[in-house]
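For reference, the structure discussed in these notes is given below.
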Amino acid sequence: MSTAFEIPLDEGTEIDAPLLQRVGMLIVGASLLLGLIANILFYQNPFGINITIFSAALLLIAFGLLDSTERHIAWKHMAFGGLTILFSGFLAIYTNTDLILANLFLALATAFVAIRFATIREFLGGSWRYGILAFVQVAVAGWIEAPLVVLPLARRFVGNWQPGDIQRWQAVVRGLMITAPVVLVFGLLLGSADLVFARGFGDVLGWIVPDNVSSLVEQTIIIGIFSWFGLIAYRSMLFGPSRGAIDTAGQPAIIDVDAEPGRPLGMIESGMLLGSIVALFTIFCLIQFQYLFGGEDNISSQGYTFSQYARRGFFEIITVSLLTMTLILVLRAITRRDTPQTEKTFVTLCAAMIGLTGVLLIAAFRRLDLYIDEYGFTRLRVETQVFIIWLGILFTVLLTDLVRKQNLLRVAIIICGLGFILTLNLMNLDAFIARRNIARFERNGKIDINYLLNGLSLDAIPQVVVLLENDELDEYDSDYLRRSLGSELWQLRRDADDRQWFGYHVSYDRALAALEDHAGELEGYIEAPSDLYYSNPDAPSATPSYSR
């Protein structure tokens, strides 16, 4: 079957039908292998290090396909595979739900780049348009196009086998039929002689031979889903649209603004818009300097406490900052700058906006810092502070782009997006939050014990157990802490007995080790989880009614 996106190998390369059919057969074989690997890794195993192993297998098989088909490899795109391994590795380290979602998204996104653009020389296809349309094609149509394109090629490849080829495959099948029962008998005999060997042989046999019909169905589904996933990935890599198939205009990546016609907006209109926003931002920044950075006395004179003044505004400021970047990019694309003077005016106004936006971001960070000091650390508050830092870096790159007329923003967006998530991973977000909230408790006596135990993941346990040795906790908090940690220890012990090495997870291991170190202090509390609830009317409130 032929589709609009079926572009065989490199653009302009002539290829004969038998070779095309061979490539299709290779994709089917590679996809089936990926499905079998996924079944071994994921069947009756929780997610953990198996995700990292699967990611490595996905990329190694892709590399093998490229090598066997003698395709050009764009190493700048294949390098994204390293990021896939990194972020999938984080999935086996942390249990913070925010980090799980972010790492999963980036693992999938970087794997998409590594595989889909593995043979394309231009970075991400050379234009935003190509990259976006390539993603849409794979996401929307790839799941159905892949089997409809690849399977007929593989079928025709098998149909064209010569008698000698058929005889070789018949010999392979006969060999498997003879080998399997013999290996099984020898394995059972050796297993009866050694208990360790018997357990290992039984595990291997369990992966190969389903226990019952239900197990057979489940494993078939796993193999089918991941094989389908492999068809989509490897088909897009070897039969995806060439750069010319989507972007036929052949526009260069960097365009001289003075030579490009058809911009609908003049400098007068853009100048009025930019100038008005600069004036608005200037007024807002002056207020920040007077009150937010000017000291508590200036705020109290207006009838507010410092915490009341700072408790809102940071999310609004971040939204304004993002809209500012969008506005600058849109105006740069649609504004006519016919002379050096208009170009200079435009850049000056945009630079002023970026400079003032930097002040806004500092104000947002300061507001959030005051808010955290009053009410404590949460995921959203810490994530927002880290995001502000990376957003500031992105605005710096945008300013460089405008002043020096470089085209760095696209790469900077990718780097800053990866850097934001990487920073949260390296911080170990939940452990950081727990550690800082405990330090805050030691400083001012305020703590939300319920948030530490229920709002955070297992990543925080090695920090939270320190509170077992703290005599400053009141009776309610201390009892709730011990009941919660005792139940967690009971659950982790049970999970450890059931977890195979494929399901190894760093966070589970750290949490269990930390709780085992304090098992003596939890004596009498280690029991199956029950309906624990938190109630301490005398505890100081750590979280205001204001939801953020």
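The chain is numbered in sequence order, starting from 1. Keep in mind that the numbers below use all heavy atoms, side chains included, and drop hydrogens, waters and symmetry copies.
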Less than 4.5 Å apart, any side-chain heavy atom of [X] and any of [Y]?
X      : Y      : value
Gln463 : Asp430 : no
Phe90  : Leu99  : no
Phe395 : Ser321 : yes
His72  : Arg121 : yes
Tyr94  : Asn428 : yes
Arg379 : Thr97  : yes
Tyr43  : Ile223 : no
His77  : Phe123 : yes

Practice item. Give the C-alpha distance, both sets of side-chain angles, the deciding distance and a yes or no for side chain to side chain contact (heavy atoms under 4.5 Å, CB included) between Leu456 and Leu429. Key: CA-CA 9 Å; Leu456 301 178; Leu429 183 58; over 6 Å; no

If you count the non-hydrogen atoms of other residues, nucleotides and ligands that lie under 6.0 Å from [atom1] in [X], is the total more than 12?
X      : atom1 : result
Phe432 : CZ    : yes
Phe135 : CZ    : no
Tyr508 : OH    : no

Check your understanding: Could you go step by step and tell me if Thr423 and Trp390 meet the side chain to side chain contact (heavy atoms under 4.5 Å, CB included) rule?
Key -> CA-CA 10 Å; Thr423 302; Trp390 282 102; 3.0 Å; yes

Exercise for review: Start with the C-alpha distance between Thr378 and Ile433, add both sets of side-chain angles, then the distance that settles side chain to side chain contact (heavy atoms under 4.5 Å, CB included), and finish with yes or no.
Suggested key: CA-CA 6 Å; Thr378 65; Ile433 292 170; 5.7 Å; no

Short side-chain to backbone donor-acceptor contact, [X] and [Y], under 3.5 Å:
X      : Y      : value
Asn50  : Phe42  : no
Ser484 : Leu481 : no
His518 : Val466 : no
Thr119 : Ile73  : no
Asp459 : Thr95  : yes
Ser227 : Ser31  : yes

Check your understanding: Shortest non-hydrogen contact from Phe377 to Tyr451?
Key ->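 Closest approach of Phe377 to Tyr451: O-CE2, 3.7 Å.
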
**Study point:** Phe87-Phe105 aromatic ring centre distance below 6.0 Å
**Key:**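 No - the distance between ring centres of Phe87 and Phe105 does not fall below the 6.0 Å cut-off.
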
**Study point:** Distance, nearest 0.5 Å, that separates CG of Leu458 from CG of Leu515
**Key:** 8.5 Å

Point to revise | From CG (Leu492) to CG (Leu485), nearest 0.5 Å | key: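 The distance works out to 10.0 Å.
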
Point to revise | Short side-chain donor-acceptor distance under 3.5 Å, Asn425 and Asn103 | key: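 Judged by distance alone, the side chains do pair up.
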
